[in-house]
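First the structure, in the form of structure tokens, and then the observations on it.
Each chain gets a letter, A, B and so on, in the order the sequences are listed, and its residues count up from 1. Keep in mind it's a predicted model, so treat the numbers as computed, not measured. Heavy-atom basis, side chains included; hydrogens, waters and symmetry copies ignored.
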Amino acid sequence: MPELPEVETVRSGLAGLITGRTILAVRVLHPRPVRRHVPGPSDFESVLLGRTFHEPRRRGKFLWLPLDDGDAIVAHLGMSGQFRSDSPETPLQANTRVVWDLDDGRQLRFVDQRMFGGVWLSPGGADLPAEVTHIALDPFDAGFDPVAVAHGIVRRHAGIKRLILDQTIVSGIGNIYADESLWRARLHYDTPSSDLTVRKVAGLLRQAREVMADSLSSGGTSFDKLYVDVNGESGYHERSLDVYGRAGLPCRRCGHLIVREAFANRSSYRCPFCQRRPGTIVRP
DNA sequence: CTGTGGTCCTGTATGC
DNA sequence: TGCATACAGGACCACA
């Protein structure tokens, strides 16, 4: 479940491991994770040889690894993707999909159980890959303007959670941080965006930035071995989540029991008191 | 253009 | 015990 804080943790970890390193060999162990590399798996193995990494970059949940000639390797972790740095003597982890041999004698490995993620070459993509241009700025970007984004959101007509999950409106937010942000802003996930004020939506976006910053400071959220950093270490932020995954447990604000509801093919968690369904009348 | 729902994947947990 | 089903969900795409 890598969202922005987890992807940023991976990016900064990669920065110290691959920046300035040259690729000596590439092995693709499963074709699916390179499905977006149109020339195919064997081309991916040959076309990268001899190129050198610059510092990895990120927008929302997309990563890219600029190369010294102006191209870039684009990477998305999907649901379960991991980058690992290992000695070549270390046996390959289960579900290892792509391996790069680097000129410092280490291996970079892309491991992905469910294979929703992938890696591919983006010609000329060092500055901003074409495959990432449709992704909106994330709340950590210096150019991110919560009020401007909020104006766009209140002009739309969908449930607020759907819109903050839309990576072309604001990027980096996934199911966990959407629920956490909505809890902090005391909003029901299905509140029609057109019923909200710009001020309220801008506040929600600032909450999203805060909750993701809190998570980033502790290395990202993880529940299991599906998200780990480049050294295989889990983050510990799950202890401080307020609603996500807490069905049946008391709301930390008011004590009402958190509920889990199906929404848009996924789960949503909310406090039935702090985050009432829009239009619900509550008598004192 | 906007909104909605289905699909891809595999490992783990749960139910009968 | 064993098999079947549900579930996890980010990005993309088809369709109304």
Here DNA chain B, pairs taken as Watson-Crick or G-U under 3.5 Å and shown with ( ), [ ] when crossing and | when to another strand, reads .|||||||||||||||
Sorted by chain and number, sequence neighbours left out, side-chain contact (heavy atoms from CB on, under 4.5 Å) with Asp190(A) holds for His188(A), Phe263(A), Arg277(A)
Scoring nucleotides 2-8 of chain B by protein non-hydrogen atoms under 4.0 Å (B base, S sugar-phosphate only, - none) yields SSBBBBB
Supply the members, apart from [X], of the Ile/Leu/Val/Met/Phe/Trp/Tyr cluster built from side-chain contacts under 4.5 Å; use none for a lone residue.
| X | result |
| --- | --- |
| Val132(A) | Phe62(A), Trp64(A), Val74(A), Trp120(A), Leu128(A), Ile135(A) |
| Val259(A) | none |
| Leu29(A) | Leu92(A), Val99(A) |
| Val111(A) | none |

When you measure from the side-chain N and O atoms of [X] to the phosphate of [N], is any distance below 4.0 Å, counting only OP1 and OP2?
| X | N | result |
| --- | --- | --- |
| Ser267(A) | dA8(C) | yes |
| Gln167(A) | dA11(C) | yes |
| His134(A) | dC12(C) | yes |

Inset, instruction - Record whether the side chain of Arg266(A) comes under 3.5 Å of the base of dA8(C) through a donor-acceptor pair of N or O atoms. - result: no
Tell me the interatomic distance from [X], atom [atom1], to [N], atom [atom2], rounded to whole angstroms.
| X | N | atom1 | atom2 | result |
| --- | --- | --- | --- | --- |
| Met79(A) | dA11(C) | CE | P | 12 Å |
| Ile135(A) | dG10(C) | CD1 | P | 13 Å |
| Met115(A) | dA11(C) | CE | P | 18 Å |
| Asn175(A) | dG10(C) | CG | P | 6 Å |
| Ile169(A) | dC12(C) | CD1 | C1' | 15 Å |
| Arg59(A) | dG10(C) | CZ | C1' | 17 Å |

Sorted by chain and number, sequence neighbours left out, ring-ring contact (aromatic ring centres under 6.0 Å, His included) with His256(A) holds for Phe273(A)
For Phe44(A), the ring-ring contact (aromatic ring centres under 6.0 Å, His included) test, sequence neighbours excluded, returns His37(A)
Practice item. Flag the pair Lys161(A) and Asp179(A) as a salt bridge only when some basic side-chain nitrogen lies within less than 4.0 angstrom of an acidic carboxylate oxygen. Key: yes
Discussion item. Under a 4.0 Å threshold between the charged nitrogen and the carboxylate oxygen, would Asp127(A) count as salt-bridged to Arg57(A)?
Written reply: yes
To the nearest 0.5 Å, atom CZ of Arg11(A) lies from atom CZ of Arg58(A) at 7.0 Å
Looking only at dG10(C), dA11(C), dA8(C), the nucleotide nearest the Arg114(A) side chain is dA8(C)
Closest to the side chain of His76(A), out of dA11(C), dG11(B), dA8(C), is dA11(C)
Notebook entry, point to check: When all nucleic acid strands are considered with a 4.0 Å heavy-atom cut-off, which category describes Arg36(A): base, sugar-phosphate, or nothing?
Noted result: sugar-phosphate
Please output the side-chain donor-acceptor pairs of residues 194-207 of chain A that fall under 3.5 Å, not counting sequence neighbours, one pair per line with the distance.
from      : atom 1 : to        : atom 2 : distance (Å)
Ser194(A) : OG     : His157(A) : ND1    : 3.3
Thr197(A) : OG1    : Lys200(A) : N      : 3.0
Lys200(A) : NZ     : Ala185(A) : O      : 2.8

Polar atom pairs between nucleotides 13-16 of chain C and protein, under 3.5 Å, N or O only, would you list them?
none

Residues at least two apart in sequence or cross-chain that pass salt bridge (Lys or Arg N to Asp or Glu O under 4.0 Å) with Asp112(A), listed by chain then number, are none
